[in-house]
Amino acid sequence: MTVILSQLFTGVSIGAVLLLIALGLALTFGQMNVINMAHGEFIMAGAYTTYVLQGVITDAGLSLLVALPVAFFVSGAMGVALEALLIRRLYARPLDTLLVTWGVSLMLQQLARDLFGAPNVQTRAPELLTGNVTVIDSDGGVDLVLANNRLFILALAVLAVAALTVLLRATPLGRRVRAVVQNRDLAAVSGIPTARVDRTTFFIGSGLAGVAGVALTLLGPIGPTMGTNVIIDAFLVVVAGGIGQLKGSVIVAFVLGVLQSTLEYTTTVSVARVLVFVAIVAFLQWRPQGLFTLRTRSLA
Amino acid sequence: MFTKHRRRLAACAAAITAVVALSSCGARTDDATAPGAGVSADTSGDTVKVGLLNSLSGTMAISEVTVRDSITLAIEEINAAGGVLGKQIEPISEDGASDWPTFAEKAEKLIQEDRVAAVFGCWTSASRKAVLPVFEENDSLLFYPVQYEGLEQSPNIFYTGATTNQQIVPALDYLKSQGTESLYLVGSDYVFPRTANNIIKAYAEANGMEILGEDYAPLGSTEFSTIVNKVKASQADAVFNTLNGDSNVAFFKEYTSAGLTAEAMPVLSVSIAEEEVGSIGAQYLAGQLTAWNYYQTTPGAANEAFVEAYRARYGADKPTSDPMEAAYTSVYLWKAMVEAAGSFDVTAVRDAADGITFEAPEGTVTVDGATQHVYKTARIGRIGADGVITEVWNSGEPIKPDPFLEGYDWASGLS
């Protein structure tokens, strides 16, 4: 029983990581139709920001808290720069954004290698997050132990989704974003400054990648290629969730997390990975549009 | 605007093509003067050329650059002391770029174009397997400095790293002597961990040890929560870790946050040396075990001199590790073989190899002529909270290499 609960928690925590890395992408890819291959490198930028801040602020807990907003801003600023310099010219050519941003992602990886060196670096986790909470203490059997860093990431993911939902549903900016997504031309003639909305959306989406980067420092190495390791998973979540649909991403992230952890436990890691891919392919055959679809009045 | 750009691009492309064409013409005329396959080393001048073949770029560069550096250090020392047979050694360094076909290409270039007397390098078994036919066809020599899965022997390779009976088997003996009755195997999903784990399973069966689980993660994988859950649920006495690279960071972070400790369930790793301890983070590794033939802290005057020379050459914060030491030693072994043979000729060097010894930083190493591996002392180390690895056990004397594990009844079905 505790094994099941423990694996369930593992699945949920994998889901939380997936959600964090996919959330920003759901905004830029889903809502704006921009295939940003450099999204993984924005995650990397968030992770390196945490690393740099830890060199300045010695207290691990404080530096992590400072890193969250700073990484959001750093990655967000990189996103805005990318949007203003390149993507703005390519809104009508989504396939070209793929190639261009892929080039940018390679350049950013090399930049990271030059700045921080090729070997991976890592951060010190605050004392509080290296421990764990024992929920069920079965004598001699398997305990249900929840790792604090996983709980923290789960909380962070929930918080990010809540903040994004509020932003999109309850603020003037959110209304404008949704208007632009549903019908860009109509929004423009209604007086909505679409270029500025695009830029803000890109800032938020890229900033969320930075937050994901901070979370990833608690789990593994920080290196120039860490972005490429997560970008495929992020795209899977967004595509299977239904492009432009946040709730789809949320559901798919957790379903994939639990599926992955269950399959890993019963088979092996490599087999589980293959089965998850097969499941996604089968699902997309059945529902090519993803879990949810955006209903739009746009004729395009 | 566009046409102007395009015209400029075309001009650039034409220029590049012309340069490439010209330079390849030049290379071709050089080739014409050089003899074909089976060339012998060029020792006509005051120098003798040797090849350095390491990944200086790509995923393996982190590890292999340090090996190249220690080979270079050995060559500089030998040159300062008068060279080999009165000739200065001239190193020619090539980048294998973590790409196995490139390794084979560069090996061919070193042998046929540069006419080197020997080549030092390679790290992964994949790169070694790629260059092996090149060295055999040209009857040239490779000195390979990294521990590997064994079950191989070529007259054209000298193996100066450990084979399994000098690292993995002693590690298992050590765990057994500590009362370990059950093991959990965690490794990266490729040839070395799978071969190593087959050996471990055969050993366990013969020695009454129980294998409670075996899990592989794709190379580079950083998601270990389920594997750690399984390891924890198994309640094994110890974990045998054959993970490589990045994955170790994620694995040990997950291991620590799941509440597992070196006291409760020690992890013995065979691919984590001083260099890797730094990048994983000592706080996650404190108390864990490693198996090698050399540590930076290995006592002895030879090692003190090696560590000091390495630091003086490359920086006071640079650690020395087992593969670096084996690479350094391999240059000195080659020198001793050449001097014993009185010639750079490959056949003469090979014939003179048996019994050649060198007072290496790890202690005395001796070449076994029959297998072309070396006698090495096995050492188990414990990683301290400060990242320094200290020896907790050693085999007392150098162990005779046994790449095919012929000396062990339980290993009869493996090769």
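All values reported here derive from a predicted model rather than from experimental measurement. By convention in this document, chain letters (A, B, ...) are assigned in the order of the sequence lines, proteins followed by strands, and residues within each chain are numbered from 1.
- The part of Tyr284(B) that comes within reach of chain A is its side chain, from C-beta onward, which places non-hydrogen atoms under 4.5 angstrom from that chain.
- Only the side chain of Arg150(A) comes within less than 4.5 Å of a heavy atom of chain B; its backbone N, CA, C and O stay farther away.
- Residue contact with chain B, scored on non-hydrogen atoms closer than 4.5 Å, is absent for Leu216(A).
- Smallest separation of non-hydrogen atoms from Lys232(B) and Val145(A): NZ-CG2, 3.4 Å.
- Atom CD of Gln110(A) has more than 12 neighbouring heavy atoms from other residues, nucleotides or ligands inside a 6.0 Å radius.
- Within 6.0 Å of atom NZ in Lys201(B), more than 12 heavy atoms from other residues, nucleotides or ligands are found, so the atom counts as buried in its surroundings.
- In terms of heavy atoms, Asn229(B) sits closest to Ser6(A) at ND2-OG, 3.4 Å.
- Annotation: the span from Ser261(A) atom OG to Glu223(B) atom CD amounts to 9.0 Å, rounded to 0.5 Å.
- Heavy atoms only, all atoms of each residue included: Tyr265(A) and Ala233(B) are closest at OH-CB, 4.0 Å.
- The nearest pair of heavy atoms linking Pro221(A) to Val249(B) is N-CG1, 3.6 Å.
- More than 12 heavy atoms of other residues, nucleotides or ligands sit less than 6.0 Å from atom CZ of Phe9(A).
- Looking at Met226(A) and Thr222(B), their side chains never come closer than 4.5 Å, going by heavy atoms from C-beta outward.
- Crowding of Trp100(B) atom CH2: a count of heavy atoms from other residues, nucleotides or ligands under 6.0 Å exceeding 12.
- When heavy atoms are compared at a cutoff of 4.5 Å, Asn149(A) approaches chain B solely by way of its side chain, counted from C-beta outward.
- In this structure, chain B has no heavy atom under 4.5 Å from any part of Ala272(A).
- In terms of non-hydrogen atom pairs under 4.5 Å with chain B, the most contact-rich of Asn229(A), Thr268(A), Ile14(A) is Ile14(A).
- Of the possible polar contacts, one joining the Lys253(B) side chain to the Thr217(A) backbone as a donor-acceptor pair under 3.5 Å is found.
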> side-chain contact (heavy atoms from CB on, under 4.5 Å) between Thr226(B) and Gln7(A): does it pass, once the steps are laid out?
Replying inline: CA-CA 7 Å; Thr226(B) 303; Gln7(A) 273 312 103; 3.4 Å; yes
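- Of all the listed residues (Ser257(B), Ala250(B), Ser247(B), Ser63(B)), the one sharing the greatest number of non-hydrogen pairs under 4.5 Å with chain A is Ser257(B).
- None of Thr10(A), Leu219(A), Val17(A) except one satisfies the side chain to side chain contact (heavy atoms under 4.5 Å, CB included) rule with Ser225(B); the exception is Thr10(A).
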